Q: 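Take this structure first; my questions come after.
This is a predicted model, so every value here is computed, not measured.
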Amino acid sequence: MRVLVLGGTTEASELTRLLVADPRFETTVSLAGRTANPRTQPVRTRIGGFGGADGLVDWLTLDATQAVVDATHPYADQISSNAVVACARLAIPLASIIRPAWQPRPGDTWLAVGNAEAAADALGPEPRRVFLTLGRLELGAFASAPHHHYIARTIDPPGDVALPPDIRLLFGRGPFDLAAETALLEREKIDLLVSKNSGGVATYAKIEAARRLGIAVVMVARPHKPYGNAVESAEAAIVWLEQRLAHRTTSCSARGV
């Protein structure tokens with residue numbers, strides 16, 4: 001079975017590692033190309049957009065793809081929407097790995113906002129020391145609140161994004177551990193943490209560290225993200241693919257193929 005994995009997450013990497021060892025599947029992983037040096041994948045890899053739903057339809061047709069697994073980030077809503085449209089148009093089975101969102105726990109102080117612009121507004125009029133963990137493309141939203149001191153952690157430099165004047169960049173890729181995150185928040189005397197609700201364990205340590213230190217979190221809510229058949233993990237996606245493969249085999253046998 002020819003499988004396309006829409007990747008860029010820990011779950012996608014786990015899935016490709018499982019698929020490469022299984023001769024029943026011929027796998028391609030697609031990365032959006034927003035990270036300059038993405039992790040090397042053990043399967044055929046393509047980088048860059050498809051050109052909307054129509055472009056994805058063309059690619060799936062040319063590749064003769066027989067199943068798609070959407071393992072993109074919870075905030076990558078556009079590619080997920082395109083995948084739903086394209087797979088429906090071609091009658092290709094689509095599974096979506098749905099990473100559960102973080103939930104507030106006792107001791108957490110969260111302020112939920114809808115986007116990065118609302119997060120900048122929520123910081124308030126008094127100068128604060130703010131730790132930004134949104135990704136480089138959202139940093140420009142905080143130029144509208146130049147009176148704060150920002151520490152921003154990204155994987156890659158922000159490029160031509162207009163930044164607030166008082167900002168220092170840290171470069172790093174998760175997973176991050178609790179001791180290091182706690183030390184960072186203490187060393188930088190952080191007053192507020194701004195985060196997306198990414199879910200998962202790779203970057204959760206900052207949330208736990210903020211809880212321990214009594215630091216409030218401005219949490220940017222997830223966008224509406226269309227999805228196919230929902231699964232919760234790479235292992236569950238493998239089970240789903242095996243079921244699709246078994247169904248195809250049974251259908252072919254019934255037709256005498």
Q: Are I207 and V220 co-members of a hydrophobic cluster defined by side-chain heavy atoms under 4.5 Å apart?
A: no

Q: Compare every heavy atom of G200 with every heavy atom of R99, then report the nearest pair and how far apart it is.
A: CD-N, 3.4 Å

Q: Excluding sequence neighbours, so at least two apart, what forms ring-ring contact (aromatic ring centres under 6.0 Å, His included) with F50?
A: W59

Q: Is there a side-chain contact between I151 and L169 in this structure, where contact means two heavy atoms from C-beta onward sitting under 4.5 Å apart?
A: no

Q: Answer whether the closest heavy-atom distance between the side chains of L4 and L56 falls below 4.5 Å.
A: yes

Q: Return each pair, listed once, that meets salt bridge (charged side-chain N to carboxylate O under 4.0 Å, His left out) where at least one residue sits in residues 62-71; pairs must be two or more places apart or across chains.
A: R2-D63, R44-D63

Q: Mind running side-chain contact (heavy atoms from CB on, under 4.5 Å) on F171 and D156 for me, showing each step along the way?
A: CA-CA 7 Å; F171 299 106; D156 295 315; 6.0 Å; no

Q: With rounding to the nearest 0.5 angstrom, report the CD to CG distance, Q66 to L90.
A: 12.5 Å

Q: Test: salt bridge (charged side-chain N to carboxylate O under 4.0 Å, His left out). Region: residues 188-199. Which pairs qualify, not counting sequence neighbours?
A: R129-E188, E138-K196, R168-E188

Q: Should L94 and V85 be counted in the same cluster of Ile, Leu, Val, Met, Phe, Trp and Tyr side chains packed under 4.5 Å apart?
A: no

Q: Does anything in residues 211-221 form a salt bridge (charged side-chain N to carboxylate O under 4.0 Å, His left out)? List the pairs, not counting sequence neighbours.
A: D108-R211, E208-R212

Q: Minimum heavy-atom separation for L139 and A152, please, with both atom names.
A: CD2-CB, 3.8 Å

Q: Do S195 and K206 have side chains that approach each other closer than 4.5 Å (heavy atoms only, starting at C-beta)?
A: yes

Q: Would you say N197's side chain and A101's backbone share a donor-acceptor pair under 3.5 angstrom?
A: no

Q: List in chain and number order the residues that pass ring-ring contact (aromatic ring centres under 6.0 Å, His included) with F131, two or more places apart in sequence or in another chain; answer none if no residue qualifies.
A: none

Q: Kindly compute the distance separating CD1 (I97) from CG (L15), expressed to the nearest 0.5 Å.
A: 5.5 Å

Q: Using a cut-off of 6.0 Å, state whether more than 12 heavy atoms not belonging to E232 lie near its atom CD.
A: no

Q: Applying the 4.5 Å side-chain criterion to the ILVMFWY set and letting contacts propagate, would V218 and L132 be lumped into a single cluster?
A: yes

Q: Quick one, R24 and L245 - any side-chain contact, counting heavy atoms below 4.5 Å?
A: yes

Q: Taking transitive links into account, so neighbours of neighbours count too, which hydrophobic residues share a cluster with Y227 at under 4.5 Å side-chain distance?
A: I98

Q: Nearest heavy-atom pair of G7 and A12: which atoms, and what distance?
A: CA-CB, 3.5 Å

Q: Could you give the distance from CG (L184) to CG (L193), rounded to the nearest 0.5 Å?
A: 9.5 Å

Q: Hey, any chance L6 and L19 share a hydrophobic cluster, counting ILVMFWY side chains that come within less than 4.5 Å of each other, even indirectly?
A: no

Q: Sequence neighbours left out, cut at 3.5 Å: what donor-acceptor pairs do the side chains of residues 121-128 make with other protein atoms?
A:
unit_1: R128; atom_1: NH1; unit_2: L123; atom_2: O; d: 3.3

Q: Which heavy atom of P74 sits nearest to which heavy atom of K225, and what is that distance?
A: O-CD, 3.3 Å

Q: Is there a donor-acceptor contact under 3.5 Å from the side chain of S30 to the main chain of I47?
A: no

Q: I'd like to know if the side chain of T61 and the backbone of V57 have a donor-acceptor N/O pair within less than 3.5 Å.
A: yes

Q: What do the steps show when you test Q41 against S13 for side-chain contact (heavy atoms from CB on, under 4.5 Å), and what is the final call?
A: CA-CA 7 Å; Q41 301 295 315; S13 295; 3.5 Å; yes

Q: Say whether, by atom type as modelled, one donor and one acceptor occur between the side chain of R89 and the main chain of A91 under 3.5 angstrom.
A: no

Q: Quick one: which residue pairs count as a ring pair (Phe, Tyr, Trp, His ring centres under 6.0 Å) with a foot in residues 1-29, not counting sequence neighbours?
A: none

Q: Between A76 and S80, which heavy-atom pair has the shortest distance, and what is it?
A: O-OG, 3.2 Å

Q: Mind checking what makes ring-ring contact (aromatic ring centres under 6.0 Å, His included) contact with W102, not counting sequence neighbours?
A: Y204

Q: If you measure from OG1 on T109 to CE on M219, what distance do you get to the nearest 0.5 Å?
A: 11.5 Å

Q: Counting C-beta onward and ignoring hydrogens, is there a side-chain heavy-atom pair between L31 and T45 closer than 4.5 Å?
A: yes

Q: Are L163 and F142 close enough that some pair of their side-chain heavy atoms sits under 4.5 Å apart?
A: no

Q: Does L178 share a hydrophobic cluster with L213, counting links as ILVMFWY side-chain heavy atoms below 4.5 Å and allowing steps through other members?
A: no

Q: Hydrophobic clusters join Ile, Leu, Val, Met, Phe, Trp and Tyr when side-chain heavy atoms are under 4.5 Å apart, directly or via other members; which others share one with F176?
A: none

Q: Show every donor-acceptor pair shorter than 3.5 Å between a side-chain atom in residues 233-241 and any protein atom, with sequence neighbours excluded, or say none if there are none.
A:
unit_1: S233; atom_1: OG; unit_2: A236; atom_2: N; d: 3.1

Q: At their closest point, which heavy atom of T203 faces which heavy atom of S198, and how far apart are they?
A: OG1-CB, 4.5 Å

Q: Is any side-chain heavy atom of V194 closer than 4.5 Å to one of V130?
A: yes

Q: Using modelled atom types and a 3.5 Å cut-off, is there a donor and acceptor pairing between side-chain atoms of R46 and backbone atoms of T28?
A: no

Q: Would you list the pairs meeting ring pair (Phe, Tyr, Trp, His ring centres under 6.0 Å) in which at least one residue belongs to residues 73-94, sequence neighbours left out?
A: H73-Y75

Q: Find out whether I215 and L185 are in side-chain contact, i.e. whether some heavy atom of one side chain is under 4.5 Å from a heavy atom of the other.
A: yes

Q: Quick check: does any side chain N or O of T65 sit under 3.5 Å from a backbone N or O of A67, one acting as donor and the other as acceptor?
A: no

Q: So, the side chain of S96 versus the backbone of G228: is there a donor-acceptor pair under 3.5 Å, distance only?
A: yes

Q: For the atom pair CG (D166) and NE2 (H147), what is the distance rounded to the nearest 0.5 Å?
A: 11.5 Å

